[in-house]
Amino acid sequence: MELKIYLLALTPLALLLLFRLYQYSKLSARPPNYPPGPKTLPFLGNLHQIPISRPELKFADFARQFGPLTGLKIGSQNMVVLNTWQAVRDLIEQKGSIYSSRPTLPVFHVVVPGGLNPALNVYGELWRRQRKVLMEFLGGEHTDRVKPVQDAESTQMIYDILCAPTKFEDFISRSFGAVIMATVFGQRGKTIEPGGKISRFFKVAEEWAAAVGPTSSPPITTFPFLEMVPDWVTPWRGWRKRALGVKKEQERMYLGLLTETRERLAQGKGVDCYMAQCLKAQEKEWYDDVHLAYLGGVLLEAGAETSASTAMVFVLAMAAFPEVVKQAQEEVDRICGTSRMPNKDDTNMLPYVRACMSEVLRWRPVGPLAIPHQTTAEDTYQNYTVPAGTDVVINTWKINHDESFYKSPARFDPSRYLDNDFGSASTLAYPDASKGRQANYSFGAGRRICPGQRFAENSMMMHFAKLVWAFDFEPTGALPVDTWDGWTEGLVTKPKDLNVRLRLRDEGRRKIIEDAYVEADTFLRQFEE
Ligand code: HEM
């Protein structure tokens, strides 16, 4: 009897639970009129089909099956992948008012609450203000003003490699970090020794990347019911505490850098850097110190690792394809001779080195799926419906390897960019160029397109031109050209622990590098304590 009453009492609860599960399983089904995609499973949607490792390759398979748009369900979350540049143009670029937000993860609310990080912020008034202030540093000619710093830091990189060639990866990372440290915070990142500014930044960035990794925190957007599950019974237990640790470290670092910039300004030092410019305008502007520190911090986060990783791909390509490096060396020697290194004024006269840079960005984009966008309203495209709140992923990998656009897309062949800026097959007399194709999609697209593209390209051109002028690139073991072994996973994709030796091309260049370093070091001292 007692058991019966007990069961009766439980029945409504069980029914409610069943109903909730039923409701939830519906949410993982494809919405009406959704872009085509693989079959879904209840609860999971397509989650079981998407590998954590190199999802871009799976998305490229889907593109072959389903065409320009792939509609996926990640649990209850909608995700539409854009596989062609035309789809990116039509949606991300031409319907920017709908396609420019960002998905938010619970971990963002802990580490960068209140939209402090403009790269991850949702589309709205605060993001617009942040972007406007960033463009005062990164836009058009503003960004060309920092060329002397990029020039000097890239010279230091060459000198550092000359002195300790086996540490070339560290020196490349240091240089791209130091360019941003000097131009944004007016401070020098002279070494990459542990405890120094640059290595501290890369350590915090690594912890941040780990905190946002796909298995580091509960996937609440995918499975909203996880919000009701106590943290300690989940595999992510402790994630909030870890995320708070990252927040504390980031805040301490960025605010610390801002305070140092302010103190240096009071002594008349570092007056030309971006933060100095912002501090001067702060009284009439909307940002407080915390917002300002994060505006500077995000430039380090978004600009250092991406550019340095692209440079690692460049070194890999130079070692793997000797006929390419030979042509690049012939070009820099023709322009600069053997009596001086290339400098900031030469970069526009080096079309082949520029073509190498474009090809590196196309061949192995460091962000093969860019940063996801999110829709803020329902949209219709080619009779399909893209609901509001859908994550929209630019499949940069697929677009960069589109066989109908690039001849032999898997081949590393800079000469494709000598024929035209798009690198398209020359047989494709390119009719659509005037209809808004970007030369490359490795910097994203639309209103969220990377604002640092010109800054990055200026910087990379100086680093790349000097590298090929100074060194030969010798493989010392297998190079990961046709394999993903030896490449990193996560926020940026790059080859690590490269089996490459950088060897001075001839002894005559040593003195030129040493003299150039003395000059660069003198210039960079203005950023020291
Ligand atoms: C090779 C170097 C770089 C690559 C490949 C790269 C790529 C990207 C990509 C794919 C995005 C997302 C675009 C989108 O959502 O459509 C992005 C955003 C961003 N990048 Fe870069 N980037 C590079 C260098 C830089 C540099 C040097 C800076 C600044 C100094 C920078 C600052 C930013 C910022 C602030 C955002 C966020 C924009 C927003 O959400 O409004 N990037 N970048």
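If you're wondering where the values come from, they're calculated on a predicted model, not measured in any experiment. Every number for a ligand or one of its atoms is a count from 1 in the order of the listing.
- At a cut-off of 3.5 Å, with distance as the only test, no side-chain donor of Lys494 or Thr488 sits close to an acceptor on the other residue.
- Trp208 and Phe108 have perpendicular rings, their planes meeting at more than 60° on a 0 to 90° scale where under 30° would count as parallel.
- Residue-level proximity to ligand 1 for Thr310 is carried by the side chain, the only part with a heavy atom below 4.0 angstrom.
- Residue Val298 has no nitrogen or oxygen atom sitting less than 3.5 Å from a nitrogen or oxygen atom of ligand 1, judged on distance alone.
- Close approach to Gly303 involves these atoms of ligand 1, each under 4.0 Å from a residue heavy atom: 25 (C), 26 (C), 27 (C), 28 (C).
- Each of the following atoms of ligand 1 lies closer than 4.0 Å to a heavy atom of Pro118: 40 (O).
- A cation-pi geometry, defined here as NZ or CZ lying under 6.0 Å from the six-membered ring centre and within 45° of its normal, holds between Arg364 and Trp484.
- Atom 32 (C) of ligand 1 has its closest protein heavy atom at Ala302 CB, 3.5 Å.
- Between Phe66 and Phe62, the two ring planes are tilted [angle within 30° to 60°].
- For atom 29 (C) of ligand 1, the nearest non-hydrogen atom of the protein is Leu299 CD2, 3.7 Å.
- An N or O contact shorter than 3.5 Å links Arg448 to ligand 1 by distance.
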>> Go through it in stages, so that I can follow the logic: the residues are Met312 and Ser173, the test is side-chain contact (heavy atoms from CB on, under 4.5 Å), and I'd like the CA-CA distance, side-chain angles, deciding distance and then a yes or no.
In response: CA-CA 9 Å; Met312 301 305 173; Ser173 296; 3.7 Å; yes
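- Checked by atom type and distance alone, the side chain of Asn78 never pairs as donor or acceptor with a backbone atom of Thr390 at under 3.5 Å.
- For the pair Arg128 and Tyr123, the cation-pi test (distance below 6.0 Å, angle within 45°) is passed.
- In terms of protein heavy-atom proximity, atom 23 (C) of ligand 1 is closest to Thr306 OG1, 3.5 Å.
- Of the protein's non-hydrogen atoms, the one nearest atom 36 (C) of ligand 1 is Pro451 CD, 3.5 Å.
- Counting heavy atoms closer than 4.0 Å to ligand 1, residue Pro365 contributes nothing at all.
- With respect to atom 30 (C) of ligand 1, the closest heavy atom belonging to the protein is Leu138 CD2, 3.8 Å.
- Taking the centre and axis of the six-membered ring of Tyr274, the NZ or CZ atom of Arg145 falls outside the cone set by 45° and 6.0 Å.
- Judged purely by distance below 3.5 Å, without hydrogens or angles, the side chains of Tyr99 and Asp379 pair a donor atom with an acceptor atom.
- For ligand 1 and Met460, the ligand atoms under 4.0 Å from any heavy atom of the residue are 1 (C).
- Look at Arg447 and you'll find every heavy atom at least 4.0 Å from all atoms of ligand 1.
- For ligand 1, the atoms sitting less than 4.0 Å from at least one non-hydrogen atom of Ala119 are 37 (C), 40 (O), numbered in the order shown with element in parentheses.
- In this structure, Ser442 has a heavy atom closer than 4.0 Å to ligand 1.
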>> Run the side-chain contact (heavy atoms from CB on, under 4.5 Å) test on Arg89 and Arg437 for me, step by step, so that the C-alpha distance in whole Å, both residues' side-chain angles and the decisive distance to 0.1 Å come before the verdict.
In response: CA-CA 7 Å; Arg89 174 197 58 190; Arg437 199 211 194 258; over 6 Å; no
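- Within the listing of ligand 1, atoms 10 (C) sit less than 4.0 angstrom from a heavy atom of Ala370.
- Residue Val366 has at least one heavy-atom neighbour below 4.0 Å for each of these atoms of ligand 1: 5 (C).
- Side-chain contact between Glu331 and Pro351 is present, with heavy atoms from C-beta onward closer than 4.5 Å.
- Residue-ligand proximity: Glu457 is placed with every non-hydrogen atom at 4.0 Å or more from ligand 1.
- Contact record, Val481 with Phe321: CG1-CZ, 3.8 Å, taken as the closest heavy-atom pair.
- Counting heavy atoms closer than 4.0 Å to ligand 1, residue Phe443 contributes atoms from both its backbone and its side chain.
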> Yes or no on salt bridge (charged side-chain N to carboxylate O under 4.0 Å, His left out) for Asp345 and Lys147, after CA distance, side-chain angles and deciding distance?
Replying inline: CA-CA 9 Å; Asp345 302 320; Lys147 278 182 173 179; over 6 Å; no
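- The contact set between ligand 1 and His373, taken as ligand atoms under 4.0 Å from a residue heavy atom, comprises 14 (C), 15 (O), 16 (O).
- The pair Asp391-Arg102 does not count as a salt bridge, with every side-chain nitrogen at least 4.0 angstrom from each carboxylate oxygen.
- Residue nearest to atom 41 (O) of ligand 1, selected from Glu305, Arg131, Arg128, Gln130: Arg131 (by heavy-atom distance).
- Classification of the Phe455-Phe137 ring pair by plane angle, with boundaries at 30° and 60°, yields tilted.
- The distance from ligand 1 to the heavy atoms of Ile371 drops below 4.0 Å at these ligand atoms: 12 (C), 15 (O).
- Of all protein heavy atoms, the one closest to atom 22 (N) of ligand 1 is Cys450 SG, 3.1 Å.
- From the protein, the heavy atom lying nearest to atom 15 (O) of ligand 1 is Arg102 NH1, 2.8 Å.
- Residue Trp127 places a heavy atom less than 4.0 Å from ligand 1.
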